Amino acid sequence: MSDGSSSTSSSQLVEDFEGELDEEVDSEEEKNQEGRESPIPSLSSFASLRAVVRIKQKYHAMKKRRQEMALRLGAQGGLTGAPGRTSPKIFTFDGLTPTSFSSFPSVPQKKKRRRKRRVMFPNDGPRKTVPKQERSRATYCLYLLFAIVFVQVYNAIENLDDHVLRYDLEGLEKTLRREVFGQQGAVEGLLSHLKDYLSTYVHNKPLVVSVHGPSGVGKSHLGRLLAGHFRSVVGDTLVLQYYVLHHCPQEADAMQCARNLSALISEMVERAEEEEKIPLFIFDEAEHMHVEILDVLLRLVASKQSNEYLNAIYLFLSNLGDAHITKHMLQNSSSVSMGMTASVRHSNLVKELTPILRNKLEKHHPLWTEADILPLGLLEKDHVMECFLEEITREGFYPDHSNIERLAGEIEYYPVVGGREYSQTGCKQVVAKVNML
Ligand SMILES: Nc1ncnc2c1ncn2[C@@H]1O[C@H](COP(=O)(O)OP(=O)(O)OP(=O)(O)O)[C@@H](O)[C@H]1O
């Protein structure tokens with residue numbers, strides 16, 4: 001019985017040892033692997049050396065224990081003279097309690113090695129790296145395409161800027177703001193139409209603007225300033241100022257006048273096309289224009305003409321609808337509108353008056369269906385004083401304020417509404433009054 005138990009314990013001892021040894025080796029192997037990843041190779045090699053020494057020491061201790069055990073067993077067997085052989089012991093589960101299982105020495109299990117996700121490369125030789133993915137040629141082509149598109153767009157913007165610069169709209173704006181009094185909203189409206197039109201090369205229709213307002217508020221003055229500016233940027237030959245009472249005073253000649261006008265416009269747009277410029281046609285006193293002339297103009301601006309006819313600016317100046325403008329201003333000038341800026345007041349004027357004016361104008365002639373309508377408002381006493389100052393200075397008189405006030409007082413005004421005093425004749429009489437000084 002004792003023999004069997006001693007042999008069992010000896011083999012168990014060996015198994016224990018092997019188990020421990022395996023564990024030790026495993027743990028040391030893991031340490032070594034960690035050490036290999038470490039950036040300091042000297043430390044890892046020192047650790048593995050220590051592990052080898054420890055294993056060796058352990059192995060010697062176990063070997064010694066085994067020898068001692070064998071000696072002890074030999075001494076017990078030596079008394080009987082032969083190695084003790086016993087009948088094989090039959091194992092049953094009788095008498096075993098659950099607690100007795102726990103007293104069993106735990107069977108050494110091989111520790112499962114945790115697999116590292118990272119790929120380990122051998123220490124010797126150069127460290128291998130993940131091969132770089134090559135970029136496809138399509139990516140480079142795409143970048144090239146982006147660059148080309150960017151350059152094209154940039155060039156187009158630059159060209160458009162050049163195009164707008166050629167007409168010096170900034171200079172025109174300065175002139176109009178300096179020389180036209182009390183019509184800031186209308187000036188902004190006109191400039192915005194010009195900027196929109198001139199900032200593109202390709203047009204599907206010409207720009208047609210129709211300026212309306214009571215007598216003396218600056219319609220002809222605006223036309224003259226615009227004509228002067230365009231003459232300086234596109235040349236004298238590409239600007240036409242047409243005064244019907246001067247160019248075609250007899251109604252009987254209306255047909256011939258219409259033909260002549262059509263021929264003149266065709267010639268000018270062709271020349272403008274050759275010179276890559278946009279011509280300007282100004283028609284003053286448009287309320288006096290004969291139907292034949294209006295028909296010809298409608299054909300030129302509305303029908304699908306060839307390209308040269310689409311690149312042109314038409315400006316009509318008239319007092320058509322002036323009664324509506326005067327009535328609207330006198331009825332809607334209140335203390336509320338005092339705080340509004342000129343452009344806000346004008347945009348309200350345009351919003352409210354455009355449908356009324358368009359209705360009236362389209363009845364006059366269908367030409368106005370093609371036009372953008374721009375009303376000019378009544379001038380106030382302050383604006384009339386500015387007109388006097390301007391005219392007196394131009395004539396070389398000393399600009400005496402009390403004199404200017406006296407002259408402005410001689411003009412007729414509508415009854416004051418909402419704190420505003422509107423002139424009945426605008427600045428129309430200014431020139432005549434200064435001439436009498
Ligand atoms: N808003 C204004 N700013 C500066 N000057 C003006 C203005 N309005 C009129 N004038 C001056 O008054 C003169 C007459 O004005 P203009 O001929 O432009 O009036 P109009 O609106 O064309 O009138 P009409 O319909 O009777 O021809 C101009 O020569 C100009 O000197």
Side-chain angles (χ1 to χ4, degrees), residues 172-191 209-229 241-247 249 280-289 315-329 333 341-343 345-346 349-350 353 357 360-361 364 368 373-397 399 404 407-408 410-414 420-437:
L172 176 65
E173 184 173 357
K174 277 181 197 156
T175 307
L176 296 184
R177 284 189 191 282
R178 190 179 60 240
E179 309 241 351
V180 181
F181 311 127
Q183 304 290 6
Q184 282 88 339
V187 165
E188 278 171 26
L190 180 63
L191 285 167
V209 180
S210 187
V211 176
H212 299 266
S215 180
V217 296
K219 300 181 295 290
S220 302
H221 183 53
L222 191 64
R224 280 194 292 273
L225 292 172
L226 206 62
H229 178 82
Q241 277 180 283
Y242 195 86
Y243 298 89
V244 71
L245 296 181
H246 169 71
H247 288 92
L280 172 68
F281 305 105
I282 299 174
F283 299 91
D284 208 337
E285 305 158 344
E287 68 274 15
H288 297 298
M289 283 212 291
L315 185 71
F316 292 93
L317 309 168
S318 79
N319 60 16
L320 289 169
D322 61 337
H324 289 285
I325 296 170
T326 305
K327 193 175 154 198
H328 180 87
M329 288 201 72
S333 288
T341 60
S343 71
R345 260 187 285 134
H346 186 263
L349 186 78
V350 172
L353 274 175
L357 290 176
K360 184 182 165 54
L361 295 166
H364 185 73
W368 273 274
I373 291 163
L374 200 63
L376 296 193
L378 295 171
L379 292 182
E380 293 179 49
K381 193 173 182 179
D382 287 349
H383 305 133
V384 175
M385 285 173 69
E386 284 185 271
C387 286
F388 272 112
L389 177 64
E390 179 79 15
E391 192 59 31
I392 282 174
T393 315
R394 195 182 297 140
E395 288 294 318
F397 294 111
I404 289 170
L407 287 168
E410 290 173 11
I411 302 283
E412 284 184 60
Y413 295 91
Y414 291 106
R420 296 175 191 280
E421 206 174 355
Y422 291 115
S423 164
Q424 288 188 21
T425 52
C427 288
K428 193 89 183 171
Q429 295 171 359
V430 170
V431 178
K433 284 204 174 287
V434 173
N435 282 344
M436 283 161 68
L437 284 176

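Remember, it's 1-based here, ligands and their atoms both numbered in the order they're listed. One-based numbering along the sequence shown. The model shown is predicted, which means the values in this text are computed figures rather than measured ones.
In this structure, the protein non-hydrogen atom closest to atom 25 (O) of ligand 1 is Lys219 NZ, 2.8 Å. The closest protein non-hydrogen atom to atom 12 (O) of ligand 1 is Cys427 O, 3.2 Å. Protein heavy atom nearest atom 1 (N) of ligand 1, with residue, atom name and distance: Phe181 O, 2.9 Å. Looking from atom 18 (O) of ligand 1 to the surrounding protein, the closest heavy atom is His221 N, 2.9 Å. In terms of protein heavy-atom proximity, atom 27 (O) of ligand 1 is nearest to Lys428 NZ, 3.2 Å.
Lys381 NZ: more than 12 foreign heavy atoms inside a 6.0 Å radius. Around atom CD of Glu412, no more than 12 heavy atoms belonging to other residues, nucleotides or ligands sit under 6.0 Å away.
Between Leu407 and Ile392 the shortest side-chain heavy-atom distance falls below 4.5 Å. Between Phe316 and Leu361 the shortest side-chain heavy-atom distance does not fall below 4.5 Å.
Residue contact annotation: Val430 has no non-hydrogen atom under 4.0 Å from ligand 1. Under a 4.0 Å heavy-atom criterion, Val180 is in contact with ligand 1. Residue contacts with ligand 1: Cys387 is included, with a non-hydrogen atom under 4.0 Å away. Look at Glu391 and you'll find every heavy atom at least 4.0 Å from all atoms of ligand 1. Judged by the shortest distance from any of its heavy atoms, Gly426 lies outside the 4.0 Å radius around the atoms of ligand 1.
Atom numbering of ligand 1 starts at 1 in the shown order; those under 4.0 Å from a heavy atom of Glu179 are 3 (N), 4 (C).
Atom CG of Asn319 and atom OG of Ser215 lie 7.0 Å apart (nearest 0.5 Å). Rounding to the nearest 0.5 Å gives a distance of 13.0 Å between OH of Tyr414 and CD of Glu421.
Ligand 1 has an N or O atom lying under 3.5 Å from an N or O atom of Val217, backbone or side chain. The shortest N/O to N/O separation between Gly218 and ligand 1 falls below 3.5 Å.
Relative ring orientation between Trp368 and His364 is described as perpendicular, the plane-to-plane angle rising above 60° on a 0-90° scale split at 30° and 60°.
When every heavy atom of Leu317 is checked against every heavy atom of Glu287, the shortest pair comes out as O-OE1, 4.1 Å.
The backbone N or O of Glu380 lies less than 3.5 Å from a partner atom in the side chain of His383, making a donor-acceptor pair. With His229 contributing its side chain and Leu225 its backbone, the two residues share no donor-acceptor pair below 3.5 Å.
For Arg224, every heavy-atom contact with ligand 1 shorter than 4.0 Å involves the side chain, none the backbone.
Closest heavy-atom approach to atom 9 (C) of ligand 1 within the set Ala432, Gly216, Gly182, Gly213: this belongs to Gly216. Nearest residue to atom 16 (P) of ligand 1 from Ser220, Ser215, Ala186 is Ser220 (criterion: closest heavy atom).
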